[in-house]
*Asks:* 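Let me begin by handing over the structure; questions about it come next.
Just so it is clear: chains get the letters A, B, ... in the order the sequence lines come, proteins before strands, and each one is counted from 1. These numbers were taken from a predicted model, which means no experiment stands behind them.
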Amino acid sequence: MQPTLKSTVKCTDREVGEITRIIVDPLSLEVSHIVVGDGTGGQERQVPMSEVQQIVGHVVHLRIPSSEMGRFPVLNRDEYVTTHEVEIAHLEERLHVEPGEVLVPIPDLERNIKRRTFFTNLTHAIGILLGLPLIYPVMKYLMKPMYLPYDNRWIKVGNVNRIKVEDTGVQFKFRKKVKEAFMPEVEILKNVWLLKATPEVLDEVYKGKDMQFRDSQGSLIWTNNRAFPYVAYSGKCPHLGCGYKWRKVRKLPREIFLCPCHISIYDVSGKVLDGPAPRPLDPVPIRVSDNGDVEIIDVEFKAGVRDRIRIL
Amino acid sequence: MEPDRLVQSQPTVLERVVAFVDERVGLKTLQAKMLNEPVPGGSRWAYIFGSCLLFIFVLQAVTGVLLMFYYVPSVDHAYASTQYIIHEVDYGWFILSYHFWGSSVMVVMVFAHMSQVFLWGAYKSPRELVWLVGLVLFGIVMAFGFTGYLLPWDQRSYWATIVGVEIIDKTPLIGDFMARFLKGGPTAGQMTLNRFFLIHVMVLPAALMALAGLHIFLFRKAGPAGPFHGGVEELKAKTDYFFPRQVWKDIVAVSVVFVSICGLAFIEPVVLLEEATPDPGDYHPEPEWYFLFMFQLLRLKIFGGELGQFLGSVAIPGAFMLLLAALPFIDRSPERNIFKRPIALVSWVVVVLGIVLFTVSAVINREFLD
């Protein structure tokens, strides 16, 4: 039981005063001392709780005679701060030293508990009714540019006379016109890798089947003929979308496609030789005019998945 | 002595103003509450990291606002405006480089702060919520780094974002939506820059301020944990208030942090690469150094293929964060001494060694690529 303020303090022989303050240990959060005043506003002495024998209601019994009170130190107020001036966690929950509750009446109009509950629930309901219809328009607002129709334009990327050797990757950079939302049309630099493939490599690229490309509605826009010798690979690595290179590396007998990001390695047919890539390089629609000009459709597939899922 | 006595008897204008405000705001009580927090076992250098983080955040906010005086978040001006800040605006290079290095130091400090709390067992009951909110703050700091990296719109920032968003894309069910949401379309462009800018300068700062406030509130509510050894009497004898000894240590640490960031900004000021474009040219994409271990991890063959990629980019990092979140609820033993918690100590060492190992091998791999 905790001592309370204003309690009477009795020694074994007589009453010696009342509790004027209580001192708390900030670590254990227990009452460590009571401060006993003689009731005349004179000296206050600090009595440790170990000297308290029992607390009966508002009377605190000490285990010593009044003659021994003098051995307890006089309170030096400057050595303490009030609990309002420090930040000690959980102190209020542990201590009950207030001299009792201080009350103010609830206004008559607020005494009906049922009505208060009703209004609390009504407030929540109104909030939900106001908020819910906003979810759809806000989501639509944010999602406006997220799903765009595919871009099926043919883009001229160069001339095949640049390709001198069969089964060798040649990078064709091209500038693509992009008109995004409210922005003026700009040209961005992209690239594709072209090769003039021998029949064996073509077999490996197309697995003996013509490759079809479709738009978002599923209708056919172009077919890459399996016997057509020129192959264009999207410049985007099917692993996580970086740009890869055609290069020689130590340990491998011939040149390969290498992505410097996560070191995916593909052979000339786009097959994964090593590294984390989940699928071969992505051929894109290609056509070559009589004078050797190459056009492609800049198709992009989702990176990092086994299947080719078109996104652009 | 005459003037002194005069001051005491008649309050100065300043004292009257202070008294006026205090009466209406309760400043002195507030100040007392802020500073008079008993630190069990006394102040320590180990407790400096939280204050350092708060300081770094404030300066990131200040330098961030300064950068926005010139920066334009559009694909046709972002690069030029950043170059303008670096090359034309007086001290622009310094403000930008400070902001850049500040983010790196912030990541280091977050790591130190989390390690300290982990090793001291300070996440245990009754401080579980402090730890949980702290984990969310960790996520916010990483998101700050990721979104801010794109804003200069050079090749480095563009490719780090491309790969980062592709990693988010690997989340099951919602990955495609999240990636498109962040990019604002199927591919990166103006909408991506817009969204990253907005997230970086509005959403994340608001979230960080709110959650850091909650973090500190919860910490104050639970009280500091104190050291993990020492008896009650010993702790009591060494206990002091947050002010002045801990504040002093914090200020020394904050000064070291500030000088370090300034030093890094001077020695290694930010230099942009070519303007961003979907053709990487000769550039070998790489994320910021604190994501390098993750980058290297994803190079491993076992994290290749569809399943492997899900494991490496989503499942393992996700499981690790969940484990950290569940930690105070799994590890219920009240023992806080790290030398009596062998599993915790070994796990920490393994995680740190793993991160160091993967980061170093990512750096070594650069040589192989050139």
Side-chain angles (χ1 to χ4, degrees), chain A residues 25-28 81 84-90 142-148 150 171 173-174 176 178 180-184 186 188-191 235-236 239-245 249-250 258-264 272 274-279 300 302-307 309 311-312, chain B residues 29 32-38 40 74-76 126 159 162-163 165-167 169-170 176-177 180-181 183-187 189-191 220-224 232 235-236 239 241-242 277-281 283-286 295 298-306 308-309 312-313 365 368-369:
Chain A
D25 181 295
L27 285 183
S28 67
V81 287
H84 297 294
E85 295 167 88
V86 279
E87 179 83 359
I88 297 172
H90 302 293
L142 295 174
M143 285 166 63
K144 165 72 180 163
M146 281 169 60
Y147 300 91
L148 299 176
Y150 299 150
Q171 189 178 50
K173 298 198 178 198
F174 62 95
K176 182 186 182 185
V178 177
E180 211 185 340
F182 49 83
M183 295 294 285
V186 289
I188 56 171
L189 185 68
K190 296 189 78 169
N191 68 70
K236 173 179 164 179
H239 177 230
L240 285 176
C242 288
Y244 54 89
K245 303 276 167 12
V249 290
R250 278 169 282 165
L258 169 78
C259 181
C261 278
H262 302 92
I263 330 230
S264 288
V272 181
D274 198 8
R279 65 161 190 264
E300 267 188 36
K302 184 189 267 297
V305 289
R306 208 175 299 125
D307 303 320
I309 302 167
I311 60 168
L312 188 69
Chain B
T29 314
K33 281 270 188 186
M34 302 263 277
L35 299 179
N36 297 346
E37 185 195 34
S74 83
V75 289
D76 48 1
W159 290 100
I162 291 289
V163 176
V165 173
E166 288 289 357
I167 288 172
D169 185 274
K170 301 291 120 19
D176 181 71
F177 181 86
R180 281 176 187 266
F181 186 88
K183 284 188 284 189
T187 52
Q190 176 60 45
M191 295 298 138
R220 280 293 178 107
K221 186 100 184 112
V232 175
L235 287 190
K236 203 164 166 180
T239 294
Y241 283 162
F242 176 61
T277 175
D279 173 49
Y283 174 62
H284 290 164
E286 213 177 62
F295 176 70
L298 290 179
R299 282 174 167 169
L300 295 184
K301 187 107 181 152
I302 48 162
F303 297 125
E306 211 166 306
Q309 225 164 75
S313 52
N365 252 325
F368 163 75
L369 288 168

*Asks:* My understanding is that only residues two or more places apart in sequence, or in another chain, count here; which of them pass side chain to side chain donor-acceptor pair (under 3.5 Å) with B:Lys183?
*Replies:* none
*Asks:* For the pair B:Arg180 (side chain) and A:Met146 (backbone), establish whether a donor and an acceptor sit closer than 3.5 Å, ignoring hydrogens and angles.
*Replies:*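 The answer is yes, because a donor-acceptor pair under 3.5 Å joins these two groups.
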*Asks:* Count the heavy atoms belonging to other residues, nucleotides or ligands that lie under 6.0 Å from CE of A:Met183, then report whether that count exceeds 12.
*Replies:*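 Result for CE/A:Met183: enclosed.
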*Asks:* I want to check something: taking the side chain as every heavy atom from C-beta on, are B:Phe295 and A:Leu240 in contact at a cut-off of under 4.5 Å?
*Replies:* no
*Asks:* Is A:Val272 close to chain B through its backbone or its side chain, or both, or neither, when contacts mean heavy atoms under 4.5 Å?
*Replies:*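 Neither part, no heavy atoms under 4.5 Å.
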*Asks:* Working to the nearest 0.5 Å, report the span between CG of A:Leu27 and NZ of B:Lys236.
*Replies:* 7.0 Å
*Asks:* Tell me, do A:Cys242 and B:Pro280 make a side-chain contact under 4.5 Å, heavy atoms counted?
*Replies:*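 Side chain of A:Cys242 against side chain of B:Pro280, heavy atoms only: no contact under 4.5 Å found.
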*Asks:* Mark yes or no for whether B:Glu37, through its side chain, and A:Glu87, through its backbone, hold a donor-acceptor pair below 3.5 Å.
*Replies:*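 Side chain of B:Glu37 to backbone of A:Glu87, a donor-acceptor pair under 3.5 Å: no, none is there.
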*Asks:* Sub-3.5 Å donor-acceptor pair from the side chain of B:Lys33 to the main-chain atoms of A:Val86, do we have one?
*Replies:* yes
*Asks:* Just verifying a value: how many Å separate B:Asp176 CG and A:Lys302 NZ, rounded to the nearest 0.5 Å?
*Replies:*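 So the gap between those two atoms works out to 3.5 Å.
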*Asks:* Nearest 0.5 Å, what's the NE2-SG distance between B:His284 and A:Cys261?
*Replies:*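 B:His284 NE2 to A:Cys261 SG: 9.0 Å, rounded to 0.5 Å.
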*Asks:* Among all residues two or more places apart in sequence or in another chain, which pass the ring-ring contact (aromatic ring centres under 6.0 Å, His included) test with A:His239?
*Replies:* A:His262
*Asks:* What's the separation between atom CD1 in A:Ile311 and atom CG in B:Asp169, rounded to the nearest 0.5 Å?
*Replies:*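 That separation rounds to 8.0 Å.
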*Asks:* Under a 4.0 Å N-O cut-off, is there an ion pair linking A:Lys173 with B:Asp279?
*Replies:*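 Here A:Lys173 pairs with B:Asp279 in a salt bridge, since their nearest N and O are under 4.0 Å apart.
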*Asks:* Might you point out which heavy atoms bring A:His90 and B:Lys221 nearest each other, and give the distance in Å?
*Replies:*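 Closest approach of A:His90 to B:Lys221: NE2-O, 3.4 Å.
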*Asks:* Measure distances from A:Lys236 to the heavy atoms of chain B and classify the residue's part below 4.5 Å as side chain, backbone, both or neither.
*Replies:* side chain
*Asks:* Taking the side chain from B:Thr277 and the backbone from A:Ile188, do they hold a donor-acceptor pair closer than 3.5 Å?
*Replies:*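 Here the side-chain-to-backbone pair does not exist.
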*Asks:* Need one label for A:Glu85: side chain, backbone, both or neither, based on atoms under 4.5 Å from any heavy atom in chain B.
*Replies:* both
*Asks:* Is any side-chain heavy atom of B:Lys301 less than 4.5 Å from a side-chain heavy atom of A:Pro276?
*Replies:* no
*Asks:* What part of A:Phe182 gets closer than 4.5 Å to chain B, counting heavy atoms only: side chain, backbone, both or neither?
*Replies:*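 Only the side chain of A:Phe182 comes within 4.5 Å of chain B.
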*Asks:* Identify which part of A:Asp274 has an atom lying under 4.5 Å from any heavy atom of chain B, answering side chain, backbone, both or neither.
*Replies:*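 Both backbone and side chain.
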*Asks:* Under 3.5 Å, side chain of B:Gln190 to main-chain N/O of A:Ala181, donor-acceptor pair present?
*Replies:*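 Checking the backbone N and O of A:Ala181 against the side chain of B:Gln190, no donor-acceptor pair under 3.5 Å is found.
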*Asks:* Can you measure from OG (A:Ser28) to CG (B:Leu235) and round to the nearest 0.5 angstrom?
*Replies:* 11.5 Å
*Asks:* Measuring heavy-atom distances to chain B, does A:Leu258 have an atom under 4.5 Å in its side chain, in its backbone, in both, or in neither?
*Replies:*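 For A:Leu258, side-chain heavy atoms alone lie under 4.5 Å from chain B.
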